[in-house]
Amino acid sequence: MPGWTHKTDETVQHMSDFVLPLPKHETAVAVHGAAVHEHAPASSLSRNRVGLWWFILSECFLFLAFISARYYLLGLERPAELNQALGLGLSLLLLVSSLTAYRAELGAQHGDRRRLLRNTATTILLGLVFLMGVGYEWSEALVHFPPSEAFGTVFFSLTGLHAFHVLSGVVLLALVYWNARRGRYDSGSIWGVEASVKYWHFVDVAWVFIYPTLYLVR
Amino acid sequence: MPLVQAFVFAAIGGVFGVGVTVAGRVLTGREAWSLEPVVTVGYIFALLGWLLGIGVWDQWAREWLGLPVEHRQHRGWARYFAFTTDHKVVGVQYLVTFVALFLLAGLLAMLIRIELMAPGMTFMGLGTYNQVMSLHGIVMVAVAVATIIGGLGNYTVPLLIGAEDVAFPRLNALSYWLVPPVAILLIGTFFTGGLDTGWTAYPPLSDVNAAGQVLFNLAVITFGLSSILGGLNFLVTIATLRAPGMGWGRLPIFVWSIFAASLISLTATQFLAAGLMMILFDRLLGMAFFRASAGGDPLLYQHVFWFYSHPAVYIMILPGFGLALEVLSHFSRKPLFGYRLVPGGFIAIVVLSFVVWAHHLFTSGMSDALHGPFMVTTELISIPTGLVFLSALGTLWLGRLWLTTPMLFGLAFVFNFLIGGLTGIYLADVPTDIHLQDTHFVVAHFHYTIVGGEIFALFAGIYYWFPKMTGRMFSERWGKVHFWWMFLAYHTTFIPMFWAGIHGMNRRVGDYPAELGDVNLFISVAAFVMGGSFVVFTANVVWSWVRGPRAVANPWRAHTLEWQVASPPPIENFPATPVVVGSPYAYGVPGAVHAVLTTAPAHTPAASGGAQAEPAGPALAADSA
């Protein structure tokens, strides 16, 4: 095939002013040294943190879609048969679990393995009780507002979506527990703990919006 | 072989998922076999198996259990078929996969045009037409979403910002390896009753049609996941890995456009996943999201869907804008006009793109009160878009245009997108839209923005970075043949479509009134000619990749960082972190320097591939001599 060569016409020949000058070694190092202080590429920990926040923002939109479906389909309607005591109890349970998750992270930060283990276990336990509560709630809901009608649809999809997130949080915390037992957070990176706990808080905050959407409006 | 392992793991996962579903159904006293739930659960486990098998287990998941991970680095051809973390490999994987999909979906377009050559059903049945049209739609949407961002973006963004890789290299590999299951599922729709809703999957049809719909939904949700994770990776990469001195005010404009597009894919894509999940819930769990008889509302889907899918057109076109501006500046040998305003325009487009979705619903029966506000917000978008356009024109003004193949495609972008943008006004305005909705006027309009805009920009980018990615030069002569062939045939195809649409040519239907026969025959012939241009492209690219002459480091004499290292770049990109000291576009400014590359590493020890990396300074000097 002919025609490979690119034309090097005078347009190009005249463009010598954009060619980078050969840096003198000293100059380059000096520039480098100055620039590093104002703006160095981030460490892997801060990269991870930024990434987690973006991930949480993304997840918010998923919940937002289902929450807006509730208002779109039903406006502010809500059936009288909702088990208000159970709903309130589950919400309190989840809020308390955020506290224990926070204490677990604190334990990891202080290199206190026992505190980390104790609080992680408590958080997992609270998470599991929450899931059982949701299961019990579902058995009641199936009778009063099954998923084949509008309120049941939004109720089961929202609580189900959230319960799936709780379950994944429990799995993450179980991994934290497993690794903590083997002393892997005693020295060095506790990012695994930090990420799982932040995720747990997010799942908790998501419920803070879902609970009124299902139980409290009007 | 990681691929073999992936298939084996996927099969194990699939069998497990199917088993669990059947067992669960039997235990709860239902009929053992039901295709849709079995396929859904089976697929979820097969997907997990696939990902673990391809390399997530070996290189990643073991870490969560505290086990040592393998850092296998495949070499040569094998790395393209493995869980490889190098962003350059991932970029090439994306690019080759999606260009291949682009050509395949192009063949589907040819089938559509054969059917539409004459009125009446001449070549396939109405049902087959629906399937072909739907598959053409969804594959091309995936191509438009992923080719520039996943392919060119992955390859060039870390290079453009002076980084060694993306922020999360393993997540990047994961994003790519989520794609093959999508392709397999979409092919699978043919064997499960087909997909006949178009790519939009509107209920109530999608609530009740054949099981192919379930496969489609799973495929698109998987693709959405890939898109979300890819967007997240770009956001973190651009926010945290810029080289010293690479402030936000010095970012190459293509990087800015990827950042803006990633903001949309990170957030809005969740709404697409949500909408498709709602359909799945309706079908699999008997829910009532879109069943009006049980208190649901099909219009809810249109709102949720377009809350993603309108912003999604900006996922497609924003990187096109960035790419075109990038090329226009380098080949006009001029600084980018209005550099400071363009990122502002991008961000304004991102924000506005979230409040225009209901202009797709003007004829759907939604509240009339919403017509006015959505018409106004839609038209507001023309202001930031106009800024971008002005920047393109200002850059060209009095420039010394170097009319290479990439530049021709960049110039064509400006011309085509003007037509696409202006015809959009008639669709944003309620009175004209009510007449034009669902006609070929709409088809022509979005093909002008996405093909004429994004795909032309994509080709500009492919030709522009081809020497960098392959280390070979393409044939400039055949590149120009491709350009003129495609450009002329493209306009000949799509201009008459506006006319046909105004005269009542419906979209998504295989049959049409007899009096539109002539114009459709004309369009079809032009479309076949346009299809031929891609043969030239494919031949040129394949031939040049294998046999083309070696490319120098900087054949275009561009300022940006990726051209200051060898072609193709060494695995660690730069021998030492570059230091950015000025604008990337300071062409013709005496003494202007974009970056200083130290040949001796400052803090990192020389990596093994260092010998391959030519010192930047001497390479450039030799170039211009």
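Just so we're on the same page: letters track the sequence lines, and every chain starts at 1. Side chains are part of it too, since the values below use all heavy atoms of this structure and drop only hydrogens, waters and symmetry mates.
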Chemist: Go through the atoms of B:F307 and report whether side chain, backbone, both or neither lie under 4.5 Å from a heavy atom of chain A.
Modeler: side chain
Chemist: Measure the spacing between CG of A:L57 and CG of B:L263 and express it to the nearest 0.5 Å.
Modeler: 8.5 Å
Chemist: Can you confirm whether A:W178 is buried at CH2, in the sense that more than 12 heavy atoms of other residues, nucleotides or ligands lie under 6.0 Å from that atom?
Modeler: no
Chemist: Tell me, side chain or backbone of B:L229 under 4.5 Å from chain A's heavy atoms, or both, or neither?
Modeler: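 Contact with chain A: none, neither part.
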Chemist: Using a cut-off of 6.0 Å, state whether more than 12 heavy atoms not belonging to A:W138 lie near its atom CH2.
Modeler: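 It does: A:W138 CH2 has more than 12 such atoms within range.
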Chemist: Give a yes or no on this: more than 12 heavy atoms of other residues, nucleotides or ligands lie within 6.0 Å of atom CZ of B:R62.
Modeler: yes
Chemist: Mind checking the CE-CD spacing from B:M287 to A:E149? Nearest 0.5 Å is all I need.
Modeler: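 Interatomic distance, B:M287 CE to A:E149 CD, rounded to 0.5 Å: 12.0 Å.
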Chemist: Tell me, do B:F168 and A:N48 make a side-chain contact under 4.5 Å, heavy atoms counted?
Modeler: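 The answer is yes, as the side chains (C-beta and beyond) meet within the 4.5 Å cut-off.
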Chemist: More than 12 heavy atoms of other residues, nucleotides or ligands under 6.0 Å from CZ of A:F209: is that the case?
Modeler: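 12 or below, so no.
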Chemist: Look at the rings of A:F61 and B:F271 and say which category their plane angle falls in: under 30° parallel, 30 to 60° tilted, over 60° perpendicular.
Modeler: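 A:F61 vs B:F271 ring planes: perpendicular.
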Chemist: With a sphere of 6.0 Å drawn around CZ of A:R182, does it hold more than 12 non-hydrogen atoms of other residues, nucleotides or ligands?
Modeler: yes
Chemist: Take B:M277 and A:F66 through the test side-chain contact (heavy atoms from CB on, under 4.5 Å) and record every step on the way to the result.
Modeler: CA-CA 10 Å; B:M277 270 194 248; A:F66 279 88; 4.2 Å; yes
Chemist: Considering only heavy atoms, which portion of B:F281 lies under 4.5 Å from any heavy atom of chain A: side chain, backbone, both, or neither?
Modeler: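 Answer is side chain: those atoms of B:F281 sit under 4.5 Å from chain A.
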Chemist: Verify the neighbour count for atom OH of A:Y136: are there more than 12 heavy atoms of other residues, nucleotides or ligands below 6.0 Å?
Modeler: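 Counting neighbours around OH of A:Y136, 12 or fewer heavy atoms of other residues, nucleotides or ligands fall under 6.0 Å, so no.
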Chemist: Before giving the answer on side-chain contact (heavy atoms from CB on, under 4.5 Å), spell out for B:L241 and A:R47 the whole-Å C-alpha distance, their side-chain angles and the decisive distance to 0.1 Å.
Modeler: CA-CA 9 Å; B:L241 290 187; A:R47 247 165 22 214; 3.6 Å; yes
Chemist: What's the separation between atom OG1 in B:T267 and atom CG in A:L62, rounded to the nearest 0.5 Å?
Modeler: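 If I round to the nearest 0.5 Å, the distance is 12.0 Å.
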Chemist: At a 4.5 Å cut-off on heavy atoms, which part of A:W54 comes close to chain B: side chain, backbone, both, or neither?
Modeler: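 Both parts, backbone and side chain.
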Chemist: Which bit of A:Y72 is near chain B, if near means a heavy-atom gap under 4.5 Å: side chain, backbone, both or neither?
Modeler: side chain
Chemist: Show the nearest heavy-atom pair for residues B:A294 and A:S148, with the distance to one decimal.
Modeler: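 So the two residues come closest at CB-O, 3.3 Å.
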Chemist: Using a cut-off of under 4.5 Å for heavy-atom pairs, which of B:D282, B:L299, B:V304 has the most such pairs with chain A?
Modeler: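 Ranked by heavy-atom pairs under 4.5 Å with chain A, first place is B:L299.
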Chemist: Measuring heavy-atom distances to chain B, does A:F151 have an atom under 4.5 Å in its side chain, in its backbone, in both, or in neither?
Modeler: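 Answer is neither: A:F151 stays 4.5 Å or more from chain B.
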Chemist: Would you mind telling me which of B:G286, B:G66, B:A268, B:G479 has the largest number of heavy-atom pairs within less than 4.5 Å of chain A?
Modeler: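 Ranked by contacts with chain A, first place is B:G66.
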Chemist: Flag the one option from B:G295, B:A274, B:A163 with the top tally of heavy-atom pairs under 4.5 Å to chain A.
Modeler: B:A274
Chemist: Measuring from atom CG of B:L300 to atom CZ of A:R70, what distance do you get when rounded to the nearest 0.5 angstrom?
Modeler: 13.0 Å
Chemist: Would you compute the distance between atom CZ of B:F289 and atom OG1 of A:T153 and round it to the nearest 0.5 angstrom?
Modeler: 6.0 Å
Chemist: For a quick test of reading the model, state the closest non-hydrogen atom pair linking A:G51 to B:V236 and the distance between them.
Modeler: CA-CG2, 3.5 Å
Chemist: Report the C-alpha distance between B:I228 and A:S58 in whole Å, list the side-chain angles of each, state the deciding distance to 0.1 Å, and finish with yes or no for side-chain contact (heavy atoms from CB on, under 4.5 Å).
Modeler: CA-CA 8 Å; B:I228 290 168; A:S58 177; 3.5 Å; yes
Chemist: Tell me which of these, A:G160, A:C60, A:S157, A:G192, has more heavy-atom pairs under 4.5 Å with chain B than the rest.
Modeler: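 Ranked by heavy-atom pairs under 4.5 Å with chain B, first place is A:S157.
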Chemist: So, for A:R184 and B:L65, which heavy atoms are closest and what is the spacing to 0.1 Å?
Modeler: NH1-O, 3.6 Å
